[in-house]
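Reading through the structure tokens given below for one structure.
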Amino acid sequence: MQILLYNELDPKAITGFSKWRSFMEADDLKSADVKKIGDNLYRARLNRSDRLLLAFYHHADTRYALVLEYLKSHDYAGSRFLNHGAVIDEDKIPALEHVPDDTPALAYVNPQHGRFNLLDKIISFDDTQQAVFDLQPPLVIIGSAGSGKTALTLEKLKACPGDVLYVTLSPYLVKNSRDLYYAHDYANPHQQVDFLSFQEFLESVQVPVGKPITFRDFADWFGRLPRTPIKDAHKLFEEFKGVLTGPSVETAYLSREAYLNLGIKQSIFLDDERPAVYDLFTRYLAFLQETNRYDTNLLSHRYLKRVEPRYDCVVVDEVQDLTNIQLFLILKTLRDPTGFLLCGDANQIVHPNFFSWSKLKSLFYTHGELTTDTDLICILSTNYRNSPQVTALANRLLLLKNARFGSIDRESNYLVHSNGHLQGDVVFLQDRDNIRRELNAKTRTSTKFAVVVMHDAQKAEAQQHFNTPLVFSIQEAKGLEYDNIILYNFLSAESKRFREISNGVSHADLQQELSYARAKNKTDKSLETYKFYINALYVALTRAVRNLYWIEADPKQALLELLELRDAHDTLALDNQNSSFADWQREAHKLELQGKQAQADRIRHEILQQREPDWTVYTGAALQQLHQQALYSNNKKARLALFEVALVHEDRHCLRDLLRVNFKPASHPDNGIKQLQQKYYLPYQTKTPVALRQQLNQFGVDFRNPFNQTPLMVATWLGKPALVQELAERNANPSLVDNNGFTAFQIALQQASKDDKYAKQHLGSIYQQLAPDSLSIQVDGHLVKLDKSSMEFFLLNLLIALFYRVMPTKLVKRGAFGTQDILDAIEHFPDSVLAPHRQQRAYLSSIFAKNEMYRADKQNRKLFYRLRQGHYVFNPSLMVLVEHQWLNIYDLLKIDKLAYRPSNKTTWWDNHLQEHGDHLLDSGRAFLQQELQKVRELLLNDALSMLKVLCEQELHKIREH
């Protein structure tokens, strides 16, 4: 047996490791004292008190014991890999006599390296990857699709101390990378990492006004213009983004004169076309202003004046999707300009940005502090994702691209070696009715087959022949991968362009190794003109993990011949492919996260056949109407419905209104809770919730009940951890909010803060299921993501959950939230939710004080306004991102809804409140609103003063100019 050691473990620091290792390598499990304590999780005894955690795997014919963790003094409770607070009774576990036969397989093991890395799965670096892993920033990692560059980058990120930024264009890639990074409860106390999409990064500098322009917006605008000499919208958009606004970091955009005088290779358009292009550009600028949209290049240039160094290390993933000005803005946040790590692949550019590695290097040397002899660039040329058959075809396309256009730059001049452990096939088919019908019949209900076309406009035709919801344009397909890709008329739809691409290339040109050579004719705009099309084809091919089914109406095109795709088949040998209901549910959720809403909606409508419930959901206008009917129409049915809504949401304001119209049940609301749960929530109470599962299948996992609760909210509210877990596994959306503005996570905090049984028995497991990665807030116009590991994240969520229950009692005394309110709320919270040191009064007071909005502190999130000593309310300018919309905290949580509920206590003060509670609360509420208004006016005056200074500075610059 071979031993592999987790890369963050130091064997010299593990007492008795060498001796234990010798036992394991001799397959002497008895002497190594190995016992099973979990699913492929074992403990080994080093000595009387210290233990190792390990797992067993195999690769080829070799068995491996992977050492995951070193636990000193039986510290099972502190393990990353066991449930928090786990208690292991070693005396009750039998010793392991031999390694199980059914150990999982490792995709790859480097026999020369006795270490492994860990994200969501075991990673063994090859020699090239390991060499890159050992390098220090600054660094640029270039790798093809499936080369492991993102995994390598994330592992390198773990070694960066201090404040670290991970940024990329795709929000889905950000979430996925964060999930990989923190898999198995990884924690690094020596760093603070921000995972941001580029849009979030811009918002962290300053939340912009309006919406960013997309290519679809641009194409719609361009299509409405009168006749112009420029016909290609995509080519024009790339010129605007990649030439006029993207490359320069000195000016927001090129002047007409500078643009007309660009060199031959600096523009997509010829000299005589450029005046018309610039005329359109001036109209584009006007269009942005008229429609309240912004160009992220122009915005990035404006933000150069705002951005400040705040990171010790910056990691940019898929850097080829960014322009120079966008990247430059990101790098300006570095305290040390050499502390960057970039990764990408220029062959996957389908975003319009005129990117090349040579331009990237020029940016470093011109504006950074790097020395010219620094070896920045490392290339990963091994593919671990695609089958060898797909990789071979992609390589042949790269050879064709090189032969036709010459090398873009030295860094993109490499072929890919396949180390994929899955075999596949490339099947070339002619576009005939029988082929389409058979392929459609056998694949339309499978999540493992997707159809890819070149442009959005071609999707409608493809959907006529293929009933799968998984039909994507190449722009949509970027970042996706499927076992099987059906490439439909990718060339035939653009036959003229692909004929030009293959022009002058022979089979002999594709028989040699890739060589570095620039295109001879500098006036030849072919590469710039056709780059999108050749790159789009490369991206489309590499979306196929195993098999590629390539269908063309014209199978005799020159490019196909060069790729050795001849004699298109007119028959197909393929078994029926079907996926389960659960598979399609997961696929819809994944696509929704990736922003592919149209495909996700088609899955839910056509495959899952989900529909909207037929009952009224009491929220928004429907709730207002119910309120009117109940209070002013003497409608008993409406009053009962409003009473039930009030019970569910603990709406004391509604209960008070119902008491005023003499609705007697409102005087004893606790009596109505049991009846309410029996009436509406029985499907959630049974051990096997069959009826609920039927509803989930009918309406989707996030359907709303009459009280505007999702099933996840209800399961949380009722304290059903197993059901919460099941709904989470069905990908229920935890970010949705109820009528109070609460997420399911905040509902859990609310319930646990008032019910010690809930806190002790349910909160631990529910918290782990529901806690979001972060909470996005906006302070002083800046996006801040509060990571769930921070105390500010916990405290803000808890206070939101306590708002309607605690604040009325505080306001009758003209007080506000204080440390004691937190201590009361968390009294029975388990340590796995909140560490003991975070439950101390002094610590909680320090978090309040550190985040006072007027305190000068680098780490101040400005969450609170101090009403008086020890009494805090939310910063009145605080904004929270709720269901993709920014809401002021006092629009999310409404002060007008606060109502006092008399208690059953009998002290003089409580008797006084029984009689005068409403009046005192009204007075306290008015006092709070006046205080908040004063703060808002102060903030507005500060903003106006700052704006005045900025305007004066700009006017001074204009006068000087």
Side-chain angles (χ1 to χ4, degrees), residues 215 219 222-223 230-238 268-270 347 349-350 352 390 393-394 396-405 426-436 439 450-466 471-478 485-507 509-510 519 524-544 548-570:
F215 175 68
F222 184 72
I230 309 301
K231 304 299 182 186
D232 190 327
H234 192 280
K235 183 178 174 183
L236 185 68
F237 195 50
E238 177 150 8
I268 302 173
F269 290 89
L270 296 172
N347 288 313
I349 299 170
V350 293
V390 170
L393 183 63
R396 196 157 181 82
L397 184 64
L398 293 179
L399 285 166
L400 188 154
K401 180 180 177 181
N402 181 260
R404 172 64 176 85
F405 302 116
V426 175
V427 182
F428 184 40
L429 301 162
Q430 187 160 1
D431 187 16
R432 291 185 175 176
D433 287 344
N434 64 310
I435 290 289
R436 291 193 303 265
L439 195 55
V451 179
V452 177
V453 297
M454 174 74 81
H455 300 298
D456 259 353
Q458 295 168 254
K459 286 166 59 178
E461 180 191 351
Q463 287 163 353
Q464 291 178 0
H465 304 299
F466 299 100
V471 179
F472 303 95
S473 69
I474 195 61
Q475 295 278 0
E476 294 173 323
K478 177 77 163 57
I485 289 293
I486 300 170
L487 205 58
Y488 183 64
N489 280 334
F490 211 82
L491 271 57
S492 299
E494 294 284 359
S495 57
K496 182 179 178 181
R497 286 184 167 92
F498 282 106
R499 191 160 56 245
E500 287 294 330
I501 286 172
S502 57
N503 185 32
V505 182
S506 68
H507 278 283
D509 295 325
L510 308 188
D524 183 5
K525 295 291 180 183
S526 298
L527 177 59
E528 285 76 13
T529 302
Y530 299 119
K531 177 178 64 178
F532 166 77
Y533 301 95
I534 193 76
N535 285 357
L537 181 54
Y538 179 81
V539 170
L541 300 181
T542 54
R543 296 314 90 199
L548 179 71
Y549 297 87
W550 193 336
I551 304 175
E552 290 292 346
D554 179 6
K556 298 297 183 183
Q557 298 179 64
L559 189 140
L560 293 168
E561 168 69 19
L562 290 168
L563 294 179
E564 297 184 346
L565 294 175
R566 310 180 185 95
D567 302 323
H569 299 287
D570 54 9

Give a yes or no answer on whether the side chain of [X] reaches the backbone of [Y] with a donor-acceptor pair at less than 3.5 Å.
X	Y	answer
Glu476	Ser473	yes
Gln430	Glu552	no
Asn489	Ser492	no
Arg436	His465	no
Gln458	His455	yes
Arg543	Ala450	no
Asn402	Leu399	no
Arg499	Leu559	no

Quick one: closest heavy-atom pair of [X] and [Y], and the distance?
X	Y	value
Ala462	Val453	CB-CG1, 4.0 Å
Phe466	Leu439	CE2-CD2, 4.0 Å
Ile268	Glu238	CD1-CG, 3.4 Å
Val505	Ala403	CG1-CB, 4.1 Å
Arg404	Glu500	NE-O, 2.9 Å
Tyr488	Glu461	OH-OE2, 3.5 Å

What distance separates [X] [atom1] from [Y] [atom2], expressed to the nearest 0.5 Å?
X	Y	atom1	atom2	answer
Ile534	Ile501	CD1	CD1	4.5 Å
Leu560	Phe498	CG	CZ	9.5 Å
Asp456	Ile474	CG	CD1	11.5 Å
Asp431	Ile551	CG	CD1	6.5 Å
Glu494	Leu537	CD	CG	12.0 Å

task: Assess whether side chain to side chain contact (heavy atoms under 4.5 Å, CB included) is satisfied between Val539 and Val452, documenting all intermediate values.
output: CA-CA 10 Å; Val539 170; Val452 177; over 6 Å; no
- request: Quick one: do Tyr538 and Lys401 satisfy side chain to side chain contact (heavy atoms under 4.5 Å, CB included)? Show the steps, please.
  value: CA-CA 10 Å; Tyr538 179 81; Lys401 180 180 177 181; over 6 Å; no
task: Among Ile485, Ile486, Thr542, find the residue that satisfies the side chain to side chain contact (heavy atoms under 4.5 Å, CB included) test when tested with Leu548.
output: Ile485
message: Please determine whether side chain to side chain contact (heavy atoms under 4.5 Å, CB included) holds for the pair Trp550 and Leu393, giving the CA-CA distance in whole Å, both sets of side-chain angles, and the decisive distance to 0.1 Å.
response: CA-CA 12 Å; Trp550 193 336; Leu393 183 63; 4.1 Å; yes
- line: Sorted by chain and residue number, the side-chain contact (heavy atoms from CB on, under 4.5 Å) partners of Gln463 (sequence neighbours excluded) come out as Lys459, Val471, Arg602
message: Before you tell me yes or no, could you show the steps for Lys556 and Glu561 under salt bridge (charged side-chain N to carboxylate O under 4.0 Å, His left out), namely the whole-Å CA-CA distance, both residues' side-chain angles and the distance that decides it to 0.1 Å?
response: CA-CA 7 Å; Lys556 298 297 183 183; Glu561 168 69 19; over 6 Å; no
Full working for side chain to side chain contact (heavy atoms under 4.5 Å, CB included) between Lys231 and Phe222: CA-CA 9 Å; Lys231 304 299 182 186; Phe222 184 72; 5.9 Å; no
message: Heavy-atom count check: over 12 atoms from other residues, nucleotides or ligands less than 6.0 Å from Lys496 NZ?
response: no
field: Gln557 side chain to Ser502 side chain, donor-acceptor N/O pair below 3.5 angstrom
entry: no
message: Can you classify the ring geometry of Phe215 versus Phe237 as parallel (below 30°), tilted (30 to 60°) or perpendicular (above 60°)?
response: tilted
